[in-house]
Structures are given as C-alpha cells and as structure tokens.
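To keep things clear, I will list the structure first and then write my remarks on it.
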Amino acid sequence: MEQEKNYDFSLIEKKWQDKWLNGNDYYVDDMPIDSNKNKEKFYCLEMFPYPSGRIHMGHVRNYSIGDAIARFKGLKGYYVLHPIGFDSFGLPAENAAIKNKTNPKEWTYKNIETMEVQLKKLGLSYDWDRKIITSDSSYYKWEQLFFIQMFKKGLAYKKLSRVNWCESCHTTLANEQVENGKCWRCDNEITVKSMDQWFLKITDYAEELLAELDNLDGWPDKVKIMQKNWIGKSEGLSLFFKIDTASEKTDLELEIFTTRPDTIFGATYLAISPLHTLAKNLLKTENAKIKTEELIRKSLISKEITEKEGVFTGSYAINPFNMKKLPIYIANFVLMDYGTGAIMSVPAHDERDFEFAKKYNIEIIEVVSNQNDAAVSSNAFNNISGNNDYNHNVINNNYNNKSLNGEGSVKLANDSELISPFTGEGILINSSVFNGLISKEAKSAISLEAEKMGFGKRVTNYRLKDWGISRQRYWGCPIPIVYCEKCGAVPLNEKDLPLELPENVVFTGEGESPLARLDSFIDTCCPVCGGKAKRETDTMDTFVESSWYYAKYTSKSDNAFTESDFTNNSNGNSKCNNKNKDADKENIKFINNNSDNNSNINNSGSVVYRKYSNGCAYEINNNINNADPAYTIQSPFDKKAANYWLPVDQYIGGVEHAVMHLLYARFFVKVLRDLGYLNINEPFKNLLTQGMVVKNGAKMSKSKGNVVDPDDLINKYGSDTVRLFSLFAAPPEKDLEWNDKGVEGSYRFINKIYKIVMVYEKYLQNIEINNLKNLIVLNQNFFEKTDIELKEINNELNGIIKKSEAEMEERFHFNTIISSCMELVNKIYDYYRKQNNINIETIDTDDTIKTFKIEQTQKQKYEYESDKYLLKHIFNSILIILYPFIPHICSECFEILGSSINIESAGWPEIIATGYKIEACSIAVQINGKLRSQITANIDLEQQDILNLSLEDKKIKKYIDNISAIKKSIYIKNKLINIII
RNA sequence: GCGAAAGUGGCGGAAUUGGUAUACGCACUGGACUUAGAAUCCAGCGGAGUAAUCCAUGGGGGUUCAAGUCCCCCCUUUCGCACCA
C-alpha cells in the first residue's frame, strides 16, 4: 500500500523499455547512413558477461557505468555503438553438466535467456541485433580460422612443456591464470605437469606490447604498470662459460644470463636449475646425484620454494674474463623457464646469491663499491674513465696482460665484514682494467668485450611466456588440428570450418574430457593425404573468444560467408576421402626434413618449416590471400565497418582482467592486423577499471552469505534506483560498499524528482522551449523581469551543466554529478515552498500517480511568462543530465512536462544566460591564516574595501584594536581575505 | 622483499588549479502528521566546552600569508608481482 504514494516504476520502466526495444532505438548500422554520416562515431563497450545463471551486482555496476557513458555520448550527438553478448564457453557449464547430467549447452543457453531478460529489465541501451554468443559455431568458426592462420605463420605451435595443472578443474592453465600458486577460478593449489600443449606466440609481440603501453594515454597507470611488469623486459648479457670437469677438459659450454655484467669479476660460483638439461651431465659424486634427484622431484611438483637448497656438482666452469675456476652448483632457486636456466652468482652484490653463498660457505668478492664511499674510488675513476669512450684496444691489451692473475689485488669480503650484499650500482673495484668505471659504463664495456672476444652476446629477456591455450575440457572451441600418421599435425581446410563441438557426449566427471573418449569425433581423415588421422581433443582457452569479440560486434553479419560454402562438414563421420587436391589449393607442400631443429620458427621470411616428432615436416606458404581462387578470403567482419568502429573508444570492466584478458586482446589485435583483417594497433583507446561491489567489507559471495540479488531490488525499487545507487555510492574505480538503506535514499531522490515534476506538470506542459536560444536572441530582454530566485537557480544549473560535461568525458565521477543534481532539486523544492508557502504533500487516495496537490496561494505567482520558460529549461536540463543514469524516469518526466521531441534527441543542455549577476558574496576573513569571521560584501570589490569592511566586523574588532598593527593582507577576490598582524 | 594506490565525521564519500574542510547521501536525535506504525515533511548532527574558545583530514617535521592538497621521514590498509638473475 505504501508504494502507492510513490511513483509506479514498474509501469514507467516497462513503458520505456518497450519503446526502446520495439522501436529499435539503439540500432546502429555497420556504416552510418543518411544524417548519421555527419556524426562522429563512439564505440562504448563493457566486458561481456559469462552466463553463469543470473546477473549480479558487479554486472549491474559495470553496465550502469557503460550505459551512462553511451547515453551521454548519444546526447552529445555521437553515433554510438553499444553492443552486448555472452562469453559462453567455460568450465562452470561443464561442472553444472556433470552435476545435473545434462549437456553444458543446455545449461548455458538457458542462462543466457534468463540474463538477457534481466539485462533488458535494466533498460540498457544495447543494440541487441549485434548479440554474440561465443559458443555458437557461427562465432567460433572464425576463431578456428584464425588459429589455422596463426598455425601457418608459426604463431600457434605445439610443444611438450611443463605447464600449470589444476587438479580440481582437471585442466592446464596459462601463467596469467595462476594467482599466488592457485587456480584463478577455483583457488585450488596448482601443480606442475609435463604435457604436449598448444601455445600462441605472444612473445613475438612482447616488445610491441610493451612499447605501445606508452601510447595508451586513456588507460589507468595501474593497469599499464601491471602489464609492464608482467612482460618483464630485461636487458643483459648472455655469457658462455667453458666447463672444466674434475677429470677431463671438455668442449661443453654453459650459457648464463645476467643483467649485471659489471659484477663479472665478483662471480664465485655458477648455479643452474635442477631441470637444466646439463644438470645430470655435470654430476660427479653419488651424493650429488641423489641430492639432485630430490631437487628435481621437488621442482617438478611445485614452483614454490621455502628455502634455498643446492648441491655442488663436482664440476667447474672457467670465468672467461679472468680464467678463474668457479664451482657449479645445482640450485633450487634458479628458474628453468627464465633466461637460460643458469646464472653466474655474485654473492657480494645479489641477495639470493649472498644467502646461498653464506649457507654453503662460498667465497664472497666485492667488486662494486658504493659511490658514497668516494675516498676509495674517485682516484681510480679519474684515472681510467676520463672519457666515456671505451677504448677497445687499450683496455683489451691491458686486460690480456693482467687478467690471468688479477687476484693479487682482490679484496675478499669475509663474514665479519659483509652482513648484507650491496645490490646498487657503484664504482668497480677488484675488476682488473675495469676498475674505476661506474656500473653503467662497466656494463657496456664488459658486454662489448665479451662480444668482441666471442664468449658472450647482449640479449633481451622477457618474463612473458607464450600463451598456453590447450584445455583438457569439453566445453570450449575445438582446436582445428588433426594428427595424421604420415603428415603429423595438420590443420583442417579453412572451408571445412566450423569444426563443431559434438553434442552426443557423456559426462562422468571423471578423468579426461569426454571429447577424448568420443571415437566418432576423434577418428577422421587427413585433410592433406586423405589417410587415417585423429583429431586434437583439447579445446581452446576461453580467453581466446574474448580476445576478439569486440571486433566481431562491428559487423552484424559475417562477410560473404554462407552455409553453402561449407563442404563436408566433417563433424563426426569419418569416411576418408581423397582430399589431396584441397591440400594443393591451400599451398601446403610437404617435404622431408630430418633436421633436429624442431622448435625454431623463422619469422622473417615467408616460408616456415616445422617438423614433428614423426619426422614429417611441411612447408607453408604464408600468403593467406593466395588460397583457392573460388574461395575468397573470409572474414567475420566487414573490414570497412571494423576499421570505422575500432578501436573501442571506451572500454569498461573489472581490474581483475588487467593482465589476462586485456593483454590477450591487445595481442590478438596485433595478430589480426598482421593477418590483414584489421588496421589498428590497439583494441581499447580508453579503459575504465571499475572496483568490486562489496558488502560488509567483503566481496559478495555465496559462501559469505552477503550476496544481494539485483532482481530483488529491481522488483522492489525499479532499475533506475538500482542503477542510481550503484553510480552514486562511490566513484567507479573504487570498491563500492553495498548499503540497503542507501538504496532507499536513491529511491527517495527519484520520487522527489517525480513529485516536483507532477506539481509543475500543468503549469509547464504547454511551454515549448526547444528554441529558447532563439527567443533570447530575438529579445535581449527576455528574462529581464524573470523571478530573481529562478535566475539564481539557473545560475547554479549552469555550473552543473559545465561540471557534469567535464566529468562525463574524463573522470567519470558520476557521484559528484548526482550530488549536485540533488542539491539543485532541493533548491527547486525550497523555491516551491517559498512561492507557495506550503510543502509538497500527498493526498491519501487509491489513485496511484497523479495525486500530488498543487496549491496556489495568496499571491499570484509567476507573473511573467518568462518564469515558465526558465523553470522549464531548468527542469529539462536536470532531467537530461540525469538521463544517462536513470533513463526511464527522466524520459517519463520529460514527456510529462511536454515537448515536441523526446529526451534522447534533446541534446546536452545549453547554458542560458539570463543577465543574472551575483550582487553580493560571502567573504571569509582570516587573521594570521585562521578563520575568524565571515562578511557579506558586494561583488568585485577591491582589497582595500574588503579590508575596511572586515575591520568593521564585530568579531574582527576583537582581534584588531589598532589598524597600525596590520602588517599586510592577502585578498583572494570574492572569496577570502587574510589579515596578518 | 619489489611495485602501485589509498588513509577525511558513526558510515559511503565531497573539496579537479594550495584559498571558508566535512558538499551530497546514509545512519542517528528531536518535532509535525497519525489511534498507532510506515511513509512523508521540518529542524539538528565532527570532537571537547555553560560560553568565550580550543582541537580535528593516519603520525611527525618542513615550505607558505594560507596545506586534506606541495616536500621529507614514519605508520597502517588494500591491490599486483614475488627468488625473473
């Protein structure tokens, strides 16, 4: 019953949603036509949802932000693309299927249906015609096409490697998907497993991915820093050490990587990873062998190290700079998958080396002196590096003469002297001819020397690893590869795509993916030789789908690709036929290649060789445009449309994707560019990362029992209220603390707007203000007699219009816009009260909506017609400003007040000058910087006048009895005066 | 350990360029209306103090006529990376 006194949101919201959807109000063309041609484009995108069942508060927040921006841009006259879809492959579907003994597809598509209804109830301005469901074969066939093309370019490859394994999800994970040694999805402990896996060669793009970060001005620094760290570029020196085993001299060499070549003379041992290929060869004692086995075993199960451990191999390496014999250790802290898996250890200048050396009692030699220690180093520095040009010949000669027994002058740091290593840069000591150089110079001098002498080379290393995309699960995009006994791993013919995911599978929840047991799927024939072959049964990581969906949105339909183009959709039945002709058309030619080199891919030329374990290698022509002439190159998007809309102008989503999705998508855009599909370098021009929605300080989750279901709130208060609160309670980048009482506050505010609009409905209905500006131009004195209080309100409105526009374009602090609107609405209420000497109240009646009493009192109000014009302008403006946040109620109120156009086409409010001048202002009076009083003064007075006025003030008089005591005063015009005594 | 962000009433937060700290909202207190409650409306609301006044933007210094804002040191919290050589 109480609800009756409030506005009927369900009626109003339904009305507008129907209008928007039935009228295709948010439909956009691939390429703008007619009047839209003159508009500037704006592509607004929120990260699409995984259809987990129902939408949650995080979605509501994300989409409310996106919708606010999209609608604002529409008001500003942009041609706005605002699409939505579903990222529908993934594990939860499969887990649900196992639990319910159904097919994941059923579960997923049912969820999509539910969520679509929910999203529509929120009144979001999506072009639903562009909806993408990534588990539709019409979507993922393109992904398979990309995969094949990447494979042909060597950007997709299969490799036996140690990968992250999640036993609970029963699949492998990419490095980006491991958080603190745990699975990003289920929090299960990750183990290491050796498996044959498909990788995408993101490392080929490491340098570009890093360099382009500098151009992403519209991205938060936080995300850029995270990506930069993740890519982890470091420049250093690769050095080759000859191995000198105890008994015999060998030709074996050990390659190490260091970023501190300047400390080479301080190296006292080498350390290699237990998983290093040479590890076992170097072992000389039984004891070492046993210990090494243990280290290997430990490194195989986990990457976590609790304590540094190692064992001396019994072998030595020769430091090529001073011929010093260095013991080689196997050490658990040396990572196999970074650099070369071997390091030179300089305990005096590295924390880890130091800790290890202390534990195993290894010599420590200081070779870099802290620059503050000037007494020792300044002389040497002056002597040797008087000029910065490193003179090769001179130094080289010196070095040859001195190097063999440089130890004469070496200072050993014994235990008592050195408590901790000095890891900074400084001046070289104990380093033969390099003594006196500062670290920076020494790095390049020593590197150059190593290169010149042929025992080293400068290299750049990245922490970024190739993206492992194989998943041993069913509900994902099938990898379009078959394994032929003769030909090895062969991609499907492009025109046989899609390779559909079979639906006749059984879920047991045990062991491997159902695909791996489905013979009708596995058994097939080779697209090259027509012989027997087996399909790849791994599916792709779901992050592949989300790496390019934003590009697919730009075209409503596929580009010139129809079902009739498919021949022999090879799903399931595997009658082998002769497909050799197809192979020729694909320009794939097989060659015999018995070289052992099976991992290097030549990216510079157009021809790539790969060899598989069965000895069958083939040559691939990279020119993808050179396929079957009857079969034109296909694309999921119209290149023109893609290039028109992309990049995404504003992307909005959770910060948790900073190094997963957001890095993969950047990589994919570069690949698609290089494959000829797109001509952009970066997918997302501006990025807004929103915070989480939390309750009682914790992330909402079923296990914590603090989940708030948006649906309940929408039913209770309407979606405008829910949207408003999620934008008002915090700025978007911060976490949002959910507060049920706060939601009521937002509801109250919307009711307040509605009530005051109803009050003025009859009064303003027939006032048409669409050409208010013209009226003013024609009649300069239009507002001359207008109520001064209305002019005051308008003056404040002008400030809000300006401020809101700036916020909507840059900072997105919607909360501040909303609060100024609240203030203004409160002012209108005050105005009403003053004018009518009465409060706005409701009459108890069964009529629901229009029951607000309008009481005109004694004085005849609104004497002048211009009052109405100005008041209506104020109302319309505030409704337009709020429209991006609460579109239903604003549309409704705009309509109630009467207009020949609807709110969407009204445009962003204009600033109307009424000739209003603020006459007086309040000025703060400080004495010695402390606030002592406030005075009211005419505007724009000069300092002396303000000072005089201040001195007349009662409170100020108390402090200043004698004018001569004033030393000086500082005046900030119309704001503040500070009197110094 | 490294890197980043942040710390303002009981709470969410405002103060974009150094210029009246605590806007707006929530909660709370009192009042009006009501048989009563809900809703609505009005008023109050950083702390101490009867008051004058004093103290308050994590703590301590500094620059300045003036610091939440700038500089230095420290503390705490959150996030990211974590033996990356």
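Model, not experiment: these values are computed from the prediction. Numbered from 1 within each chain, the chains take letters A, B, ... in sequence-line order.
In terms of the ring-ring contact (aromatic ring centres under 6.0 Å, His included) criterion, residue partners of A/Trp738 (sequence neighbours excluded) are, by chain and number, A/Phe725. By the side chain to side chain contact (heavy atoms under 4.5 Å, CB included) test, A/Val825 is found to be paired with A/Phe749, A/Ile753, A/Tyr829, residues two or more places apart in sequence or in another chain being considered. Shown here are the ring-ring contact (aromatic ring centres under 6.0 Å, His included) partners of A/Phe354, two or more places apart in sequence or in another chain: there are none. The side-chain hydrogen bond (donor to acceptor under 3.5 Å, both in side chains) search around A/Glu307 returns A/Lys359, not counting sequence neighbours. Listed by chain and residue number, A/Glu682 satisfy the salt bridge (Lys or Arg N to Asp or Glu O under 4.0 Å) test with A/Arg666 (two or more places apart in sequence, or in another chain). Applying the ring-ring contact (aromatic ring centres under 6.0 Å, His included) criterion to A/Phe885, with sequence neighbours excluded, gives A/Phe814.
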Can you name the atoms? Protein N/O to nucleotides 11-15 of chain B N/O, anything below 3.5 Å, with the distance.
from, atom 1, to, atom 2, distance (Å)
B/G12, O2', A/Ala729, O, 2.5
B/G13, O3', A/Asn815, ND2, 3.4
B/A14, OP1, A/Asn815, ND2, 3.3
B/A15, OP1, A/Arg811, NH2, 3.1

Identify all pairs in which a protein N or O lies below 3.5 Å from an N or O of nucleotides 80-82 of chain B, and state each distance.
from, atom 1, to, atom 2, distance (Å)
B/C81, O3', A/Arg463, NH2, 2.5
B/A82, OP1, A/Arg463, NH2, 2.7

Under-3.5 Å N/O pairs linking protein and nucleotides 27-31 of chain B:
none

Considering only nitrogen or oxygen atoms on both sides, find all protein atoms under 3.5 Å from nucleotides 60-65 of chain B and state each distance.
from, atom 1, to, atom 2, distance (Å)
B/C65, O2', A/Asn978, ND2, 3.1
B/C65, O2, A/Asn978, ND2, 2.9

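Counting only residues at least two apart or on different chains, the salt bridge (Lys or Arg N to Asp or Glu O under 4.0 Å) pairs with a member in residues 724-744 of chain A are A/Lys695-A/Asp740.
A stem is defined here as three or more consecutive Watson-Crick or G-U pairs, each with both distances under 3.5 Å; for RNA chain B these stems are B:1-7 with B:75-81, B:10-12 with B:24-26, B:28-32 with B:40-44, B:46-48 with B:53-55, B:58-62 with B:70-74.
Residue A/Lys752 has no polar side-chain atom (N or O) positioned under 4.0 Å from OP1 or OP2 of B/C24.
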